[in-house]
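Note sheet for the following structure.
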Amino acid sequence: LNKNYKTVVDIGANRGQFSLAASLNSDAYIFAFEPLLNPASIYRKLFENNNKVKIFQAAIGPSVKEEMMHISAKDDSSSLFKISSLQNELFTGTNEVGLEKVSIAPLDHFISSKEISSPALLKLDVQGFELEALNGCQSLFHKFDQIYCECSFIPLYEGQKLSSEIISFLNTHNYELIGFYNLKKTPDGVCIQADLLFEYRSN
């Protein structure tokens, strides 16, 4: 966040943890997306007096639809994919406790390219739904200088794509992996997940 972004798109905003850091460390206009009612409500209260922050209660994906989200006991581990037993084994207390219907749509359904000023950051923390969310952002990729995405090395949600597929997908869109942060490992040293930073490289 030391790049002094002018625009940050925060997909999987939860209660506003990342958006708060972005607002304190840059002068960016923030567009946030959080599909779950409770964390979205908390987010709104946190930023109710900040006119440079706008939240949409929706998930980002390749098409407009509604789906059931699997709610975790720790709601920031909730996912549009079913939570695996391995997820709860590695991160105790993240078991599924319910379902909530949420709205999904592509990013350009909510914001236009004219609203994204450079330098711009696209951040995703969507618990296994990374590739689908990125597909929902493709039409606006040309507006983002960098993409910051939590990725998994082992499957924590049923049907999720792993880090190698995310890296390959973004490489095809001229995004190069330049940073590796917040690596989590099992007690015996197996990599679980990390935050990956990509930067756009023009042809």
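Residue numbers run from 1 in the order of the sequence given.
- Interatomic distance, K143 NZ to Y200 OH, rounded to the nearest 0.5 Å: 12.5 Å.
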Please determine whether side-chain contact (heavy atoms from CB on, under 4.5 Å) holds for the pair E100 and L37, giving the CA-CA distance in whole Å, both sets of side-chain angles, and the decisive distance to 0.1 Å.
CA-CA 9 Å; E100 183 177 325; L37 177 59; 3.6 Å; yes
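- Inter-residue side-chain proximity for I104 and V64 is flagged as unmet; no heavy-atom pair is nearer than 4.5 Å.
- F169 is not listed as a side-chain neighbour of S164, based on a closest heavy-atom distance of 4.5 Å or more.
- In this model, a donor atom of one side chain and an acceptor atom of the other lie less than 3.5 Å apart for Q138 and N135.
- Remark: the Y5 side chain and the Q146 side chain contain an N/O donor-acceptor pair separated by less than 3.5 Å.
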side-chain contact (heavy atoms from CB on, under 4.5 Å) for S79 and L156? Distances and angles first, verdict last.
CA-CA 10 Å; S79 178; L156 303 174; over 6 Å; no
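- Contact between S63 and P106 at its shortest, heavy atoms only, is C-CD, 3.9 Å.
- Panel note: side chain D145, backbone A120; a donor-acceptor pair is recorded below 3.5 Å.
- Between F56 and F33, the ring planes are parallel. Angles under 30° get that label, and only those over 60° would be called perpendicular.
- Side-chain atoms of Q127 and Q160 form no donor-acceptor pair, as typed in the model, at a separation below 3.5 Å.
- Counting side-chain heavy-atom gaps under 4.5 Å among Ile, Leu, Val, Met, Phe, Trp and Tyr, the cluster of L99 also holds M68.
- Rounded to the nearest 0.5 Å, atoms CE (M69) and CD1 (I83) are 9.5 Å apart.
- Proximity of F31 to I55: side-chain heavy atoms (C-beta onward) are nowhere separated by under 4.5 Å.
- Checked by atom type, the side-chain pair Y29/S117 shows no donor-acceptor distance below 3.5 Å.
- Closest non-hydrogen pair, F47 versus S23, comes out as CE2-OG, 3.9 Å.
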Given the rule in the side-chain hydrogen bond (donor to acceptor under 3.5 Å, both in side chains) test, do D195 and Y148 qualify, once you have shown the distances and angles that lead to the verdict?
CA-CA 7 Å; D195 297 330; Y148 187 67; 3.2 Å; yes
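- Checking side-chain atoms of E176 against main-chain N and O of R201 turns up no donor-acceptor pair under 3.5 Å.
- The closest donor-acceptor contact from the side chain of S72 to the backbone of E96 lies at 3.5 Å or more, if one exists at all.
- At a threshold of 4.5 Å between side-chain heavy atoms, the hydrophobic network of Ile, Leu, Val, Met, Phe, Trp and Tyr places I30 and L197 in one connected group.
- Shortest non-hydrogen contact noted between A133 and V126 is CB-CG2, 4.3 Å.
- Using a 3.5 Å distance cut-off with no hydrogens or angles, the side chains of E199 and Y175 do not pair a donor with an acceptor.
- Residue N171 holds its CG atom at 8.0 Å from CG of L177, rounded to the nearest 0.5 Å.
- The two residues L196 and F180 come nearest to each other via the heavy atoms CD2-CD1, 3.3 Å.
- Between the SG atom of C149 and the CG atom of L122 there is a distance of 8.0 Å, given to the nearest 0.5 Å.
- In the hydrophobic clustering (ILVMFWY side chains linked at under 4.5 Å, chained through shared members), I42 stands by itself.
- Atom CG of residue N174 and atom OG of residue S202 lie 8.0 Å apart, to the nearest 0.5 angstrom.
- Residues L121 and T7 form no side-chain contact, since every pair of their non-hydrogen atoms from C-beta on lies 4.5 Å or further apart.
- The shortest heavy-atom contact between A13 and Y43 is CB-CE1, 3.8 Å.
- Residues meeting the side-chain hydrogen bond (donor to acceptor under 3.5 Å, both in side chains) test with D108, sequence neighbours left out: S139.
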Please lay out, stage by stage, how E34 and L36 fare under the test side-chain contact (heavy atoms from CB on, under 4.5 Å).
CA-CA 6 Å; E34 172 51 52; L36 294 178; 3.3 Å; yes
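- Taking 4.5 Å as the limit, some side-chain heavy atom of V9 sits within range of a side-chain heavy atom of L107.
- For residues 65-104, the set of pairs meeting the ring pair (Phe, Tyr, Trp, His ring centres under 6.0 Å) definition, not counting sequence neighbours, comprises F81-F129.
- Residue pairs meeting the salt bridge (charged side-chain N to carboxylate O under 4.0 Å, His left out) criterion with at least one member in residues 7-32, sequence neighbours excluded, are D10-K123, R15-D75, D27-K52.
- Using a 4.5 Å heavy-atom cutoff, the side chains of F110 and I60 are in contact.
- Within the 4.5 Å cutoff, the side chain of I116 has heavy atoms near those of the I111 side chain.
- Residues L162 and I154 have side chains not in contact (no heavy-atom distance under 4.5 Å, counting atoms from C-beta outward).
- Using modelled atom types and a 3.5 Å distance limit, the side chains of N4 and S26 yield no donor-acceptor pair.
- Closest heavy-atom contact between C137 and I11: SG-CD1, 3.6 Å.
- Distance CD/E165 to CG/L170: 12.0 Å, rounded to 0.5 Å.
- Checking side-chain atoms of S152 against main-chain N and O of P155 turns up no donor-acceptor pair under 3.5 Å.
- Judged by distance alone, the side chain of S163 and the main-chain N or O of C151 form no donor-acceptor pair under 3.5 Å.
- Here salt bridge (charged side-chain N to carboxylate O under 4.0 Å, His left out) pairs that include residues 152-162, with residues two or more places apart or in two chains, number zero.
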Could you walk me through whether I147 and F141 satisfy the side-chain contact (heavy atoms from CB on, under 4.5 Å) test, starting with their C-alpha distance in whole Å, then the side-chain angles of each, then the deciding distance to 0.1 Å, before giving a yes or no?
CA-CA 9 Å; I147 296 176; F141 271 173; 4.0 Å; yes
